[in-house]
Amino acid sequence: MLTTSNKPLQATEYFVSPVGTDQDDGSKARPFATIQRAAIEMGPGDICWLRHGHYRTEAILKGLKGLPDKPLVFKSYPGEQVVFDGTITLPPQWSPWKDGIYQIQSGEPVWQLFTDRKLVDVARWPNASFEDGSIWQIESCMRFTDRVFARGKTIGKTTDGLIHDRNPISRDADSSEEGSEALTVNEGINQVSLGETGVDFTGAIAVLNLHHWLTWARPITDHDAGRNWFHYDNQGTKMKKYVAYYILGLPALDRANEWWYDAESETIYFRPADEIDPNQVQVTAKVRDYTLRLIECEHVVFQGLEFFASTFSMTDCEHVVVEDSRLLYPSTNKFMLGDFSWFSSSADPDKMHGKDAKGKTNRNVMTRIVNRDKGVHGNVIRNCEIAFANSPAMEVRSAGSVIENCYIHDIEWDVNSSGGSGTLSGGGGCIIRRNTIRTAGNSEGIRPGPDSIVQYNRLWDLGKLQHDGSAINIGTDAQKGTVVRYNWVHNTNRAGIRFDSTTNRMGESGCVHHNVVFNLSTHGSKFKGDRHLLFNNTFYNSYFSIPNRFGNTDGHNRNTLARNNLADTMVAWSVRRPEEPISARMENNLHGEGVVVNQLRDPANLDFRPKRGSRVIDAGIAVTKADKPTDDTNLEPPSFIGNSPDIGAYESGDRSYWIPGRLQKRASTPIPPNGAQEVQQDVSLMFLEAYGADRHIVYFSNEEKNLHHQVTLDRSNIVNPGTLQPGQRYFWRVDAVMPDGQILKGELWFFFVEN
């Protein structure tokens, strides 16, 4: 661990390269080998350029301090790839074991394997992989049990410590049960029972979704080949209504591109894909969690980095920025090493190092930003991609942090966390904005702390491998002062937006407005608690629920105001109980079967604006600070067009159309969507602007190779091409003009006008 020295204030450039040495002077010609060495020399305003290559050691920076207007900057050299790599390359010393499986002695603990940077699947039953998407399909990748919950009772032999296997059965979710699961089973897929495998799984690891949003991994203590049940170590677990599981371990290593690590013998077992000899390819193994740890640092910026099979942590840092970076496979569990603890920020990385520790730990840890004292800390994660984290993407327990313009996807397929941790967790007073979050196994998507702002995010395909949950979930204690606005939540396996509660306590003082929740089938958005402000939201092919009670708490939402909301269905609890009256104060809401389609322009193609002449235009009541249910409610009264606001999430006549999600390098999110088939004749062309662009140039034509300049836009993203011909295909493109005049050519999009 290195602490920087005091140095006169002057801007200097230093260089670091994996082929440098710390005995050199840090110049471009004679770079240092480590950023720790550069940090000793750096002062406020200095820049450390990182040259191309893989940095495989752990960098620990403590007490590194810049100034607000002169941060210390660590950034990749222009045009070069800088990889903070948590793997080692295994030597070509593999020997055949059996059944096409090879083995090698690792010499040290490993817990993830790659061939040419491609993930090797952990040996499991039933088999599942990323290649065909089955890793995310609960019907394909998990097994079920004889435990059935019906008429208020649980039946079956499955109980704490004992699993009786059953094939998945197709069924619809019961929308009155938040933990229920819709299953679509395909013929012949995952229909081999535990007993029919003929495998003895004693000593393997069962990953058990036992408690709706809680999943545990535990050793199988007793099983015989041919037997359809097993015992597991149930210490620390608790079983609820719905149970699903799968098995990891050497007995399940039965197909190509699978592996296992035996910690006792330090042996890696690997069955390569396509019968490749592993001695002829590069095989790397994860051996450390963190390649960058920051402790008590202030006003430091990291730009343009890639983390591979490793990640970073911040502890007690202030105004540290990580931006324009990429995290691939940043974290995974250590089940193979015998550690079954949940991922948690309580696993303190600052206690992981020592003379021989090499940054390794037997705790399951992840990307984290943690401050242990009160205050606003101002740490920022900006314009980053976090992909294939087999844990929550990031844990933020740092008040006043900002997570913005990030792309977070393919998160936690071996669910090993409390559902309360979420795919992305934020501390109190955090801002989570303009992120795209998709495809995750754990129960929750965004889960902020109190007094947070969650805005302009787009979320879908979440909650895939746990029961219960919500894409945006605000816990009981987090509702005070939190505002959720201008988000799209759609096509996800769980609820859309939810204010949660325990069975004995409920939250209050949350604000949810101008969101669109759509295509959730039998799932909806549910707002438990009281004294909330819910206005100008649109719920399409979904339902809007404002409960009167939950668990042992009565009196939910007696003081909640719901105003100007547009919904296909509006209920107190679920569509199964439509007759139950809503206790909340309901004003100028419009709901009913087909109402959204009838009042909006083209919601099927993501145009949620009111139709011309729609009854929702100017039909709302303005929301002012006088409408705040409590002093803790966070409300910035939105502007509107006309005499009164419209009902729903969009204003008719607005010159721009807000589209949530990450701003990409080029214009994105075309509306109508690329390839759309049934577009209306009076369509408007809309798009999400490019990141950092000054203006956009729109081209349009009915001929693919003959696009015409339509318009240049600098304060709008809407183009009206005029009335189009029925059945005709049209093409369009949006080029982004950057501040330096560079033009980034957009993708070619097309759509078909309805007949």
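When a residue number appears, it is its place in the shown sequence, counting from 1.
You'll find the side chain of Ser470 stays beyond 4.5 Å of the side chain of Arg447, heavy atoms only. For the pair Asn379/Met314, a side-chain contact is recorded, criterion being any heavy-atom separation below 4.5 Å from C-beta on. A heavy-atom distance below 4.5 Å is found between the side chains of Leu194 and His223. Residues His556 and Lys528 are in side-chain contact: their nearest non-hydrogen atoms beyond the backbone lie under 4.5 Å apart. Looking only at side-chain heavy atoms (C-beta outward), Asn491 and Asp461 stay at 4.5 Å or farther from each other. In this structure, Ser170 and Leu183 have side chains that are not in contact, with every pair of non-hydrogen atoms separated by 4.5 Å or more.
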Salt bridge (Lys or Arg N to Asp or Glu O under 4.0 Å), that's the test. Do Arg368 and Asp289 meet it? Break it down for me. CA-CA 11 Å; Arg368 67 194 291 272; Asp289 294 301; over 6 Å; no
Is there a side-chain hydrogen bond (donor to acceptor under 3.5 Å, both in side chains) between Asn548 and Glu580? Walk through the geometry before answering. CA-CA 9 Å; Asn548 301 323; Glu580 182 180 355; 3.2 Å; yes
Step-by-step salt bridge (Lys or Arg N to Asp or Glu O under 4.0 Å) determination, Arg227 to Asp200: CA-CA 8 Å; Arg227 200 171 72 187; Asp200 181 353; over 6 Å; no
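Proximity of a side-chain donor or acceptor of Ser193 to a complementary backbone N or O of Glu196 within less than 3.5 Å is detected. Remark: the backbone N or O of Val454 is paired with a side-chain donor or acceptor of Asn487 at under 3.5 angstrom. A donor-acceptor pair under 3.5 Å is formed between the side chain of Asn228 and the backbone N or O of Gly195. At least one donor-acceptor pair closer than 3.5 Å links the side chain of Lys334 to the backbone N or O of Arg363.
With sequence neighbours excluded, no residue satisfies ring pair (Phe, Tyr, Trp, His ring centres under 6.0 Å) with Tyr246. Evaluation of the salt bridge (charged side-chain N to carboxylate O under 4.0 Å, His left out) rule for Arg505 yields Asp477 as partners, not counting sequence neighbours. Every residue two or more places apart in sequence or in another chain was checked for a ring pair (Phe, Tyr, Trp, His ring centres under 6.0 Å) with Trp259, and none qualifies. Remark: Glu508 engages Arg531 in a salt bridge (charged side-chain N to carboxylate O under 4.0 Å, His left out) (not counting sequence neighbours). Thr267 pairs by the side chain to side chain donor-acceptor pair (under 3.5 Å) definition with Gln105, Ser265, not counting sequence neighbours. Residues passing the side chain to side chain donor-acceptor pair (under 3.5 Å) test with Thr476, sequence neighbours excluded: none. Applying the side chain to side chain donor-acceptor pair (under 3.5 Å) rule to Asn537 yields the partners Asn515, Asn565; only residues at least two apart in sequence or on another chain are considered. Taking Trp216 as the reference, Trp342 meet the ring pair (Phe, Tyr, Trp, His ring centres under 6.0 Å) condition, with sequence neighbours excluded. For the ring pair (Phe, Tyr, Trp, His ring centres under 6.0 Å) test, residues two or more places apart in sequence or in another chain that qualify with Phe527 are Phe499, Phe544. Partners of Asp262 according to the salt bridge (charged side-chain N to carboxylate O under 4.0 Å, His left out) rule, which considers only residues two or more places apart in sequence or in another chain, do not exist here. Taking Trp488 as the reference, Tyr650 meet the side chain to side chain donor-acceptor pair (under 3.5 Å) condition, with sequence neighbours excluded. Residues satisfying the salt bridge (charged side-chain N to carboxylate O under 4.0 Å, His left out) test with Asp632, not counting sequence neighbours, are none.
Taking the ring centroids of Tyr245 and Phe230, they lie under the 6.0 Å cut-off.
In this structure, Lys157 fails the cation-pi test against Trp229, since its NZ or CZ atom is not both closer than 6.0 Å to the six-membered ring centre and inside 45 degrees of the ring normal.
Here the closest non-hydrogen pair linking Ser140 and Pro126 is O-CG, 3.7 Å.
Residues Arg494 and Asp468 are not paired through a salt bridge, judged by the lack of any N-O separation under 4.0 Å between the basic side chain and the carboxylate.
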